[in-house]
Amino acid sequence: MYKQMFIILVLGCVVATGCNSTRMFSQGDKSMQNGRYKEAISYYDKGLKSSDNYDALLNRGIAQWRVREFSNAERSFTDAINASPKYASLAYYYRAEMEFKSGNSKSALLDVNKSLKQDPLNVQAHNLRGRVYTLRGNYKEAIGDLSAAITIEGESRVTGYLYHNRAIAYIGMDDFKSARDDCEQYIRFLKINNLPITVEDNYLLGVLQYAADDEDGALTSWEHLPHEEKEKIRKVVGNSNSMNQL
């Protein structure tokens, strides 16, 4: 009888601990949804004292990233991978992002490859690997990844940035017409989604249009640039009749 009561008490403590962790994770998720990232980290920390939960570790890492606790975030992503190595596509992806931003493209490539092996449809992982390949000068591979990301994503706000990143890879291959086409798609997405178009956006588009022998398009893109930017363009292109229209 005593032995049975002891087992019941032990199981009760285990269940209570598990329930408390679940409550902490739930509170952390709510804080994440409301953008209260430091509060979310606190809840996840409490719940993770008694449970190595993959989702909680992943979310804590994301929250830490949002508040710029980068070293802590990378540790959380590593802990998430260790907690569930066979189902850690997102943790591998986020750790790869951090490695890429810190200049460690080799480690970033290794991690993003693992992410895509587990989830070949991860658009952000394809985008990241495309950016890594571009940085490393592997432009053909970059274009392949970014094209795959565009196909998977379809029409969305994200797609515009994919076109922009692919344009940069095309520039690396001196394929200015394809780069121009992608840059035009990028600008179109910004307009459709009422997002700001920067001076740099118009400057780049104009350069690509000019390089692709679309001088009229270039002039239209450069029309609203600040005076000093127009002067820079004239120094490179020259004072032709068409350039005098700027």
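Remember, predicted model here, so these are calculated numbers, not experimental data. Counting begins at 1 with the first residue of the sequence.
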A side-chain contact here means heavy atoms from C-beta on lying under 4.5 Å apart; do [X] and [Y] qualify?
X: Tyr92; Y: Lys117; value: no
X: Tyr186; Y: Tyr161; value: yes
X: Leu109; Y: Tyr133; value: yes
X: Ile41; Y: Glu69; value: yes
X: Gln209; Y: Glu184; value: yes
X: Trp65; Y: Tyr94; value: yes
X: Leu57; Y: Arg60; value: yes
X: Ser115; Y: Asn122; value: yes

Checking side-chain polar atoms at under 3.5 Å, does [X] have a donor or acceptor matched by the opposite partner on [Y]?
X: Thr198; Y: Asp201; result: yes
X: Asn165; Y: Asn127; result: yes
X: Gln64; Y: Ser76; result: yes

Quick one: does [X]'s side chain have a donor or acceptor within less than 3.5 Å of a partner on [Y]'s backbone?
X: His164; Y: Gln185; answer: no
X: Asp214; Y: Tyr210; answer: no
X: Asn138; Y: Glu141; answer: no
X: Ser102; Y: Glu99; answer: yes

- For Arg131 and Glu97, what are the C-alpha separation, side-chain angles and deciding distance, and is it a salt bridge (charged side-chain N to carboxylate O under 4.0 Å, His left out)? CA-CA 10 Å; Arg131 288 156 54 210; Glu97 277 280 9; 3.1 Å; yes
- Item | Closest approach of Ala73 to Met98 (non-hydrogen atoms, all atoms of both residues) |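 Scanning both residues completely, I find the closest heavy atoms to be CB-SD, 3.7 Å.
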- Message: On a heavy-atom basis, which atom in Leu146 and which in Gly130 lie closest, and how many Å separate them?
- Response: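 In terms of heavy atoms, the two residues are closest at CG-CA, 4.1 Å.
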- Listed partners of Tyr44 passing ring pair (Phe, Tyr, Trp, His ring centres under 6.0 Å), at least two apart: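 So Tyr44 forms no ring pair (Phe, Tyr, Trp, His ring centres under 6.0 Å) with any residue.
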- Looking at Glu74 and Lys101, does any basic side-chain N land under 4.0 Å from a carboxylate oxygen?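 The answer is no: the pair does not qualify as a salt bridge.
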